[in-house]
Amino acid sequence: MRDLKDRKELLETMMLIRAFDEKVDELYAEGTLHGTAHFYVGQEAVAVGVMAALEEGDVITGTHRGHGHAVAFGLDLERMAAELLGRASGYCHGKGGSMHIADVEAGMLGANGIVGGSMGIACGAAWAFKQRGEDHVAVCFFGDGAVQEGIFNETLNLAAVWKLPVIFVCENNQYAMSLSVKRGFAHEPLSERASGYGIAGETVDGMELDEVHRAASAAVERARSGEGPTLLEAVTYRYLGHSKSDANLYRTREEIKQWRTHDPIQRFAAKLEEEGVLEKEAWQSLNEQAKEQIEEAFAKADQEPEPDPESALEDVYA
Amino acid sequence: MRDLKDRKELLETMMLIRAFDEKVDELYAEGTLHGTAHFYVGQEAVAVGVMAALEEGDVITGTHRGHGHAVAFGLDLERMAAELLGRASGYCHGKGGSMHIADVEAGMLGANGIVGGSMGIACGAAWAFKQRGEDHVAVCFFGDGAVQEGIFNETLNLAAVWKLPVIFVCENNQYAMSLSVKRGFAHEPLSERASGYGIAGETVDGMELDEVHRAASAAVERARSGEGPTLLEAVTYRYLGHSKSDANLYRTREEIKQWRTHDPIQRFAAKLEEEGVLEKEAWQSLNEQAKEQIEEAFAKADQEPEPDPESALEDVYA
Amino acid sequence: MPNGVPNGVREITYREAVREAMVEAMREDAEVFLMGEDVGVYGGAFGVSRGMVEEFGEGRVVDTPLAEAGFVGLGIGAALMGMRPIVEIQFSDFITHAMDQLVNQAAKLRYMFGGKARVPLVVRTPGGAGTGAAAQHSQSLEAWFIHVPGLKVVMPSTPYDAKGMLLAALDDPNPVIFYEHKLLYNRKGDVPEKAYRVPLGEARVSREGEDITLVGAGLVHRFALEAAEALSDEGVEAEVLDLRTLSPMDHEAVLRSVEKTGKLVVVEEDVKTAGWGAEVVSRVVESESFYALDRAPARVAGADTPIPYNKNLEAFIRPTPEKVVEAAHKLLDSRAGVYA
Amino acid sequence: MPNGVPNGVREITYREAVREAMVEAMREDAEVFLMGEDVGVYGGAFGVSRGMVEEFGEGRVVDTPLAEAGFVGLGIGAALMGMRPIVEIQFSDFITHAMDQLVNQAAKLRYMFGGKARVPLVVRTPGGAGTGAAAQHSQSLEAWFIHVPGLKVVMPSTPYDAKGMLLAALDDPNPVIFYEHKLLYNRKGDVPEKAYRVPLGEARVSREGEDITLVGAGLVHRFALEAAEALSDEGVEAEVLDLRTLSPMDHEAVLRSVEKTGKLVVVEEDVKTAGWGAEVVSRVVESESFYALDRAPARVAGADTPIPYNKNLEAFIRPTPEKVVEAAHKLLDSRAGVYA
Ligand SMILES: Cc1ncc(C[n+]2csc(CCOP(=O)(O)OP(=O)(O)O)c2C)c(N)n1
Ligand SMILES: Cc1ncc(C[n+]2csc(CCOP(=O)(O)OP(=O)(O)O)c2C)c(N)n1
Ligand SMILES: [Mg+2]
Ligand SMILES: [Mg+2]
């Protein structure tokens, strides 16, 4: 698990996430990658802000838009890159690809290609903590779209009734594919669903890392002290298309531009400058470093061998 | 559809429902009926109060505990009895039994053996009304247990977003089988879930017919005028076991006794006496009449022939 | 002829054929509507409904929230009321969310209600692998639904059948699961402009031959055809059947062919164990045609694994024309048995 | 011997055997827990867990809200963390709600994660008809799950196997769907008191014979045995196999028997089309054993209909021992074919 106690680390991690997904976008554009991927660009403050509230032993579940969660958690960049390239050294030995990167042993319980698909899994991890008397927490990331799915209701209710140490982090990035939150819901903020379950709920500016961190810390604190789950809504935005193939017909350029003015990385960098943590303009060189790290990860991964085709028949059963 | 404009009718209908299910209980006890059934005894004011707010052309969906909804809607008692007895003249020609009584043409879209199973169906009927520009409404009955299911979330959200003319009537009878509402939820009243969907919500005393009727009328009015769905919670109680086989280990005799003191039939009868609609003690003779009607329905149904076994192969496809 | 096309037949893609069927049905009948995730301005995940919301509006080409059980249920209710909903499940893998609605409701309402209900619902969904989308976006689960009486299951392999069978499905008073294949969407074929119906439940002999019967459906029916060409170069003339409808299954057509060739290879994309091919094989060997078989029949199917991400791994576990040829060779080379 | 039972073997019911396995596992391992609707003080809809909450408390015998997808998902997560959850689905029909969790999550996590995860989840569920509970409470849907690589599917027919296989399922690092049958719960049989394991994936020859092979599983395996007795009275000695595990399927055991008898009847309770019997038949005829068959094989299965409520209707469409005998007669009377 990534150690995020340092404020510069937080910024660097956001930069890594962005550089990673911008690289992936580029690789799709040039036809190097197959399958599909979903980019976290714009939402970096959510994963990093939440992760900063966690401690060794805590676990997370991700989504189809999962690279950000994985990088924030501290997964190895080269093994992530290798997985996207379908290599044997990838996290899933090339079997999972973008939507299934996981490091179960470390506590990253997997991205998930099914919207809402990991909500039960996160509750199960929280159940295990509770049953074993451990004071760890499980964080479940999901999008606004998942709030529309049945399992949202089932798992929030279970977690509420059993006071499970789970934090439901809804990344409200304004769209579920082409469906805007305006068209997908008749009521906002989404965190107001929480009261109906008898749990805590809060909506925060998901472009503001410190806000996310503060709210997540409070939620983690509640969970650790046996007060049960929280529904934490982080209002954010995805800059890029839903997935590698998206003509963005359902939103305007202006809207995207407008949101980009609230960029979580720039905001946080500016803040660190103000705080004196960062020297003026230093963030640009940090950004270059992040990009280099990503380039290196992909370059190294690209040297790795393809898996043996016959390995496709393995790992069905333990 | 039953015409329930008259207050005496309302009382008589509640009595019919009770007599029907007490008869069914008796038939199970003596081993005449097979399969299973769920009794509506205690909840009569809900079905009848809601039905009184409807008009010809409106539709309803029922539940596994569906005899009350069917009787309130005005289904033929003999054909209902025949269905329970598995006869060819039953509503489903003996194929459905207790949990599947329906009269689709009349607008009773079926009891349902799956908890929450008819919530989508009710939305679909409401969708048809809306699309066709008809000002009818669909009423969806379900229990507190269904509120825990995924489809509750999905359908309430769909209905809210599309402002469908559907009324979600949650019969909170305190238990989902053996699970009390106290153990099944961390927050009450259940109607407070409504606000999270951006729809109207109200909780009423489900043992008080006029209360149910008033709230249902308001909901129907909203639905007809394009204001969308309502979540109406009727707080009620089932006097008998969950189904024919239930040792009632999860609740006390005292609790049952206590609830029986709020009996919806006795309350409403007393009210009608006060109002002068009913002469003193007249309710007892009405009750006798109801029982006789039920006896007669079952006696006649019992004369009906069994279906031809080969008919089991029919009606799979239209 | 409109656009000067002879007999109104043009070459269009499978995608366009599906769309054309929907558009024609919606123009004809105001009770037909399309509902699903991103079917509106996005045009559907695979572009099938592109342009439709512009013609029919948001009331009839309906973007739904993510609520597969909810909106399939809604479709069932609307169908029960006499409407003709087309519900799209964005990837067939997500049909797992709607199993109760499809299996316990759509398929059974009519029967449970003693025949006094109809559920004319069409569920369209793209199935199949080959796109590198990995295990949760690549499945072929159609065998589940042929195990559910009350449902019909169709899986057309050509643009012509796609259009004609979708229109037939919309006429059908029963719930129909309509399987499309992502890798077929760009395939082209001759399709009449006017509306026409291809009856459900009838297989098609797509190639005649005397030596061996290859039965396929959907994308892999094309693999069977390709294999047949390769075999023909070796002097083996395969008869190829396109099942088209998996339920009700036209096993009579299979029996007729097997009676002639005495040899059967079923080609299916789904996981081999308990796939629909097992039903084809079983219906053949349970019938009198068993005695016409002079070789053990064979299935060429997906491996008994989830679908892996890596291209080569994915190719390794999927059926291919080459694997069909190989199976045919193996079968032809094995000892013959002729009943006394 | 405890309670003076010779060798610690007593006659107990299938229900008690299932409970005993759970109790013994929970005593042995604090990481085992039982979760489901009404499994606590109610004792489960069929009384299987009666008395357990009293011993283990509400933290380990857990009444759940109605949330089949949610609590199956929770079981998966707990299993991923190394716990050993037993999740009960109250009627197997409601497994339709948990299909995504079982198929897209439990079955595939390990594979998708490149082998670096285990999901030792046991899902217990009562299946089958014969109780007058009609179409939504009577299904036998186990064939779906054998079509899903990554899941194991077991369906024991005796109290002995029920206990031994449930303990084996709990040892297994993979997700196992454990099918019980409502009409088996009261059946009695000899069961050792001590814990023991019956390995998954091994069929059992429950009756030896030379003339015809009957393959069954679960409740209807008993129909096969009864049919065998009736046939024996006529001088026909049937060999009866109890598959016990449907996935992985022990087809080798079936092949061995068919090689001997040359005749195969599969007895299954589920809907015939695309039931698990089709897979049994297919594995036999695809193998060398095809040439050992001297008659077309047959399946005795449920009709291709939902389950009706009325007793006689229900009986009409279900398999019975009589229908097995009839199928055997028909098969034996049909023309023989022996390969040259
Ligand atoms: C059950 C299910 N339905 C549909 C999809 C297809 N799909 C993938 S992502 C997505 C939108 C999800 O929106 P949201 O939850 O807001 O996450 P975001 O993509 O915005 O991060 C859709 C419709 C899916 N993967 N799973
Ligand atoms: C999906 C599903 N899960 C479980 C059941 C079994 N079951 C039938 S009724 C019931 C309790 C339902 O409680 P509630 O919704 O409150 O209705 P009530 O019985 O109290 O009228 C249960 C668990 C079912 N029929 N369907
Ligand atoms: Mg979103
Ligand atoms: Mg209740």
Side-chain angles (χ1 to χ4, degrees), chain C residues 69 93-97 99-105 107-108 111-112 134-136 139 141 143-144 146-150 247 249 270-271 273-279 281-291 293-299 303-306 308-309 335-340, chain D residues 69 93-97 99-105 107-108 111-112 134-136 139 141 143-144 146-150 247 249 270-271 273-279 281-291 293-299 303-306 308-309 335-340:
Chain C
D93 311 70
F94 314 152
I95 211 163
T96 48
H97 275 318
M99 291 304 282
D100 176 66
Q101 289 299 314
L102 290 171
V103 173
N104 286 331
Q105 312 296 340
K108 295 184 173 57
Y111 189 84
M112 296 187 301
Q136 293 175 332
Q139 290 165 91
L141 298 171
W144 285 355
I146 77 172
H147 192 49
V148 179
S247 176
M249 188 181 275
D270 59 357
V271 156
T273 294
W276 57 260
E279 182 63 27
V281 168
S282 296
R283 290 195 183 187
V284 169
V285 299
E286 277 176 355
S287 74
E288 275 292 305
S289 304
F290 172 73
Y291 301 100
L293 283 173
D294 58 19
R295 297 287 197 294
R299 290 176 288 173
D304 280 354
T305 72
Y309 166 66
R335 65 175 159 133
V338 176
Y339 276 106
Chain D
D93 311 71
F94 313 151
I95 212 164
T96 48
H97 275 317
M99 292 302 282
D100 176 65
Q101 290 299 315
L102 290 171
V103 173
N104 287 331
Q105 312 296 341
K108 295 183 173 58
Y111 189 84
M112 295 188 302
Q136 292 175 334
Q139 289 165 91
L141 298 172
W144 285 354
I146 76 171
H147 192 49
V148 179
S247 175
M249 189 181 274
D270 59 356
V271 157
T273 294
W276 56 262
E279 183 62 27
V281 168
S282 295
R283 291 198 182 184
V284 169
V285 299
E286 278 176 355
S287 74
E288 276 292 305
S289 303
F290 172 73
Y291 302 100
L293 282 174
D294 57 20
R295 297 287 197 292
R299 290 175 289 174
D304 280 354
T305 71
Y309 166 66
R335 65 175 161 132
V338 176
Y339 276 107

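To find a chain, count down the sequence lines: A is the first, B the second, and so on, and within it residues start at 1.
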Value for CD (D:E286) from CZ (C:R299), rounded to nearest 0.5 Å, stands at 4.0 Å
**Report entry** Aromatic plane relationship, C:W144 with D:W144 - under 30° parallel, 30 to 60° tilted, over 60° perpendicular
**Finding:** tilted
side-chain hydrogen bond (donor to acceptor under 3.5 Å, both in side chains) filter on C:N104, not counting sequence neighbours, yields C:D100, D:T96, D:Q139
Minimal heavy-atom distance between D:A278 and C:E279, with the atoms involved, is CB-OE1, 3.8 Å
Applying ring-ring contact (aromatic ring centres under 6.0 Å, His included) to D:F94 and not counting sequence neighbours gives D:F91, D:H137
Ranked by heavy-atom pairs below 4.5 Å to chain D, first place among C:D304, C:V281, C:V284, C:V285 goes to C:V285
Taking every heavy atom of C:R283 against every heavy atom of D:T273, the minimum-distance pair comes out as NH2-OG1, 2.7 Å
dist C:H97:NE2 -> D:H97:NE2 (nearest 0.5 Å) comes out at 12.5 Å
When every non-hydrogen atom of C:T305 is compared with those of D:P149, the smallest separation belongs to N-CG, 3.4 Å
So, the part of C:A143 with a heavy atom under 4.5 Å from chain D: the answer is both
Smallest heavy-atom separation, C:A296 atom then D:Y291 atom, equals N-OH, 3.0 Å
Given D:M99, D:M249, D:M112, the one with more heavy-atom pairs under 4.5 angstrom with chain C than any other is D:M99
Bottom line for C:S287: the part with an atom under 4.5 Å from chain D's heavy atoms is backbone
